Amino acid sequence: MKLTKKTRAAYLVGLLLLLFNMSFSMDNGYNLWLNYSKIDDASLLETYRNQLQTVFVTDGGATMDVIKRELDRGLGGLLQQEVRFEPNPTFQNQLIVSRYAELGEDLRTLVDPADLTSEGYFIRTIENKKHRMVLITAQTDIGLLYGTFHFLRILQMHQALDGLQVMESPKVDIRMLNHWDNLDRTVERGYAGFSIWNWHTLPDYIDQRYIDYARANASIGINGTALTNVNANGLVLTPHYLEKVKALADVFRPYGLKVYLTARFSAPIEIGGLKTADPLDADVIQWWKDKTKEIYDLIPDFGGFLVKANSEGQPGPQNYGRTHLDGANLLADALKPHEGVVIWRAFVYSEHDDTDRAKQAYSEFVPDDGKYRDNVLIQVKNGPIDFQPREPFHPMFGAMPKTPLMMEFQITKEYLGFATHLVYLPKLFEEVLRSDTYQKGKGSTVAKVVDGSLNHKKVTGMAGVANIGTDANWTGHPFGQADWYGFGRLAWDPYLDSGTIAEEWLRCTFTNNENFVGPVKKMMLESREAVVNYMNPLGLHHMFDTGHHYGPGPWVDNLSRPEWNPVYYHKADDEGIGFDRTKTGSDALSQYAPELGEKFGNLETCPEEYLLWFHHLPWDYQLKNGRTLWDGLGIKYQQGVDQVGDMIKTWEDMKPFVDEYRHNQVSMLLGIQLKEAKWWRDACMLYFQTYSKMDFPKEMEKPENTLEHYKSLQFPFAPGIRPTWN
């Protein structure tokens, strides 16, 4: 058929409209867990529409405006109808969002204000002779915002509103993301694109992504963000950058999100013109006071400084013969008049200290317990080495009863396959938080240290190293969003169950269909153990290749510092494998409570997941299942590979429940994960075989290549490495 000019034009217009609509119907993951898709249960939809016919939001400032916009967006999407905001409460089939002080007397009696902190909220369905409504109330506007997001999550998860009663307050004060973003927009250990902070166009251009970033964080209770890398650049403290930071702080403020900055300890020299950064020097003390006041004049609610000092080449007080205590208290004194805090990282280890790296932070910080200013938090990584797939909890937790310790988790997957492996990290976070320190007897969990309840701390905190970048879906891997989400939920309440969190995220992000939620939740909860199995089984750790940490490098022994070499950690030789941290070795176990020293030090009671973390054992050592240690390693590596294969099968079965775009995205990434799990198995077992001289167990598939092949691999394309010019 020959098309006329008019027909061709109409055809092209139709095609363009089709492509336009397809682009908007494709879910690229940008909306995260805030999808607000129409409720597909017709009966439930009708019930919600009847219960939420109108909305009343009390008058207020910027945060109340945010609440209105979020309700308009959320209810409009979920209920697929125009949201009717009423200027006055009617109390009939209405959602009411109001500060506690502005409630009528009859409603105030339903809430005990003593149960509500400044960030807490109360949600209740009320049905009596006078009222038939859902009430969200709080002491503050930020509390109302958190309550609003919780209520929308209830609707997203298709939960009934009848009999609804929720009382929530955060158990941790400072709940923050640490961005390892450089000023040139590269991201150290970032695997989801470039930094979202566009310093070139700030402060005049406010990207919508900044607003959506604040929304996402507020929806899970995150209230702080450190914008820049802990391997800090002093330029961010100069006026030119501070006006850009102010613009971000202004965007974040209505969402309850405070800005923090990383402070380079040598900044008084590099941007201040001083000849020293000695923390006891009078001019240095005054410089920090003046710089801090300059920041607060621009940003009245500035949170404070995050500091990495005297670690991995970063300058610090030890450059001048001073201590971490001197450096932290210097900044704390500058921040104190403004009610700011200094967060001082305990990730320190020195090439001049030949003791076990796992012991060094404890040795440097614990002796000064109780001497830090009351606005200092010591930020401690979850384990004593460095964000490994599995580590025992850091011995500092519980060992400094007079000093607030702030948990530092890594949400970005530096040691977990970057953003190509599906590894549900809240399972790892939960394992650490539930670990018992025994520092005040049985039940002295890490969670109780972090939330301050073990030793009645006045200020508490939890930080997560962000996995966010400019990728369309924010986190690279679609399931990386679950790690950001889960961190926020656990920072709000460290006692939450990782399975509950996984289910929340799945229902809000994908679908409420039980045929999807059940299998994928199971897959997520098993994924972390899978990666431990195919990377670092039975307590092995830090066997990653040089610098980029992409893939296995157990043979690496040529780096300038011993503790940078994987051979330092696995200590494989003809006799066996593992790091002896008992009394016969480094005695790192002495830094834990005696109950744990006895448990981990005794081979009869040491959990096998930590076996080679604490013991150097012969290749033919008999495991609890009767197999040799050598066979056990090979079986674990193979089990990890097989688990990824099972994940692929599970995900393939989920095709009917997931949009084609995201299903295909995850399928391709799982393919990469399987390929790399086999790589880990083959490279590590071939290398260790050079010492064990034993045949691979029958359960293990034969390696696909030679050891020489794996040793020869190079990865110039590996992302996330700190630029050499910084």
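This one's a predicted model, so the numbers in the text were calculated from it and none came from an experiment. Every heavy atom of this structure was used, including side-chain atoms; hydrogens, water molecules and symmetry mates were not.
Between K293 and D297, at least one side-chain nitrogen of the basic residue sits less than 4.0 Å from a carboxylate oxygen of the acidic one, meeting the salt-bridge criterion. Note on D173 versus K458: no salt bridge recorded, every NZ/NE/NH1/NH2 to OD/OE distance being 4.0 Å or above.
Side-chain contact annotation: N565 with D557, donor-acceptor N/O pair under 3.5 Å absent. Side-chain contact of N602 with E598: a donor-acceptor pair under 3.5 Å is absent, judged by distance alone. Of the N and O atoms on the side chains of N231 and K308, at least one donor lies less than 3.5 Å from an acceptor on the other residue. Side-chain contact, N178 with E408: no donor N or O sits under 3.5 Å from an acceptor N or O. Looking at T437 and S444, their side chains never bring a donor and an acceptor atom within 3.5 Å of each other. Side chains of D451 and T460: a donor-acceptor N/O pair is absent below 3.5 angstrom, by distance only. Counting only N and O atoms by type, the side chains of E563 and Y569 include no donor and acceptor under 3.5 Å apart. Defined by atom type and a distance below 3.5 Å, a donor-acceptor pair is present between the side-chain atoms of E364 and Q318.
Of the possible polar contacts, none joining the K371 side chain to the L325 backbone as a donor-acceptor pair under 3.5 Å is found. Put simply, the side chain of K440 gets close to the backbone of L454: a donor and an acceptor are under 3.5 Å apart. Judged by distance alone, with hydrogens and angles left aside, the side-chain atoms of N223 form a donor-acceptor pair with the main-chain N or O of R175 at under 3.5 Å. No donor-acceptor pair under 3.5 Å is formed between the side chain of K336 and the backbone N or O of N375. Between the side chain of S311 and the backbone N or O of F347, at least one donor-acceptor pair lies under 3.5 Å. A side-chain donor-acceptor contact under 3.5 Å links N233 to the backbone of L235. Remark: side-chain polar atoms of N467 are not paired, donor with acceptor, to backbone N or O of T475 under 3.5 angstrom. In this structure a side-chain-to-backbone donor-acceptor pair under 3.5 Å is missing from T262 to V230. N329 contributes a side-chain N or O that, together with a main-chain N or O of R373, makes up a donor-acceptor pair within less than 3.5 Å. Using a distance-only test at 3.5 Å, with no hydrogens or angles considered, a donor-acceptor pair links the side chain of T403 to the main chain of G370.
Taking CG of L538 as the reference point, atom CG of L617 lies at 10.0 Å (rounded to 0.5 Å). Summarising the geometry, atom CZ belonging to R581 is positioned 11.0 Å from atom NE2 belonging to H615; distances are rounded to the nearest 0.5 Å. One distance of note links CG of L177 with CH2 of W484; it measures 7.0 Å at 0.5 Å rounding. Atom CZ in F487 sits 9.5 Å away from atom CG in N217 (nearest 0.5 Å). Summarising the geometry, atom OH belonging to Y146 is positioned 10.0 Å from atom CD1 belonging to I220; distances are rounded to the nearest 0.5 Å. Rounded to the nearest 0.5 angstrom, Q388 CD and Q410 CD are separated by 9.5 Å.
Here the closest heavy-atom approach between residue F305 and residue L237 is recorded as CE2-CD2, 4.2 Å. Nearest heavy-atom pair, H394 versus P384, reported as atom, atom and distance to 0.1 Å: CD2-CA, 3.5 Å. The heavy-atom pair separating Y362 from P395 by the smallest distance is CE1-O, 3.8 Å. H548 and F418 get closest at one heavy-atom pair: O-CZ, 3.1 Å. Of all heavy-atom pairs between S350 and R561, the closest is C-NH2, 3.7 Å. When all heavy atoms are compared, the tightest approach of K457 to P401 is CE-O, 2.8 Å.
At a threshold of 4.5 Å between non-hydrogen side-chain atoms, the residues D281 and Y320 do not count as touching. Proximity of I285 to K289: side-chain heavy atoms (C-beta onward) are separated by under 4.5 Å at one or more points. A 4.5 Å side-chain heavy-atom check between Y372 and V342 finds every atom pair outside the cut-off. Within the 4.5 Å cutoff, side-chain heavy atoms of M400 are placed close to those of F365. Here the side chains of L248 and V251 are not in contact, with every heavy-atom distance at 4.5 Å or above. Residues Y592 and Y438 form no side-chain contact, since every pair of their non-hydrogen atoms from C-beta on lies 4.5 Å or further apart. Here the side chains of D483 and P426 are in contact, with some heavy-atom distance below 4.5 Å. Counting heavy atoms from C-beta on, the side chains of V432 and M407 come closer than 4.5 Å.
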Before you tell me yes or no, could you show the steps for T584 and H616 under side chain to side chain contact (heavy atoms under 4.5 Å, CB included), namely the whole-Å CA-CA distance, both residues' side-chain angles and the distance that decides it to 0.1 Å?
CA-CA 10 Å; T584 61; H616 188 276; over 6 Å; no
Step-by-step side chain to side chain donor-acceptor pair (under 3.5 Å) determination, Y191 to E414:
CA-CA 9 Å; Y191 312 110; E414 175 183 355; 5.6 Å; no
Stepwise side chain to side chain contact (heavy atoms under 4.5 Å, CB included) check, T292 with I295
CA-CA 5 Å; T292 302; I295 296 172; 5.6 Å; no
Kindly indicate, with the supporting measurements, whether the criterion side chain to side chain contact (heavy atoms under 4.5 Å, CB included) is fulfilled by S590 and K583.
CA-CA 8 Å; S590 65; K583 290 180 180 178; over 6 Å; no
Between L227 and L261, does the side chain to side chain contact (heavy atoms under 4.5 Å, CB included) criterion hold? Intermediate values first, please.
CA-CA 6 Å; L227 301 174; L261 290 175; 4.3 Å; yes
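Not less than 6.0 angstrom separates the ring centroid of Y241 from the ring centroid of W197. In this structure, the ring of F387 has its center no less than 6.0 angstrom from the ring center of H549. Taking the centre of each ring, Y210 and F252 stay at or above the 6.0 Å mark. Aromatic ring centroids of H542 and Y415 lie under 6.0 Å apart.
Within a 6.0 Å radius of NZ in K571, other residues, nucleotides and ligands contribute more than 12 heavy atoms. Few gaps surround CD on E294; more than 12 heavy atoms of other groups in view lie less than 6.0 Å from it. Atom CD of E243 is surrounded by more than 12 heavy atoms from other residues, nucleotides or ligands within 6.0 Å. Crowding of F194 atom CZ: a count of heavy atoms from other residues, nucleotides or ligands under 6.0 Å not exceeding 12.
Under the side chain to side chain contact (heavy atoms under 4.5 Å, CB included) test applied with H541, the options V532, N536, L612, D386 reduce to a single match, N536. For the salt bridge (Lys or Arg N to Asp or Glu O under 4.0 Å) with R528, the qualifying choice from E430, E609, E431 is E431, the only one to do so. When each of N310, D278, V307 is tested with P317 by the rule side chain to side chain contact (heavy atoms under 4.5 Å, CB included), just one qualifies, namely N310.
Below 30°, between 30° and 60°, or above 60°: for Y296 and H338 the angle between ring planes is below 30°, a parallel geometry.
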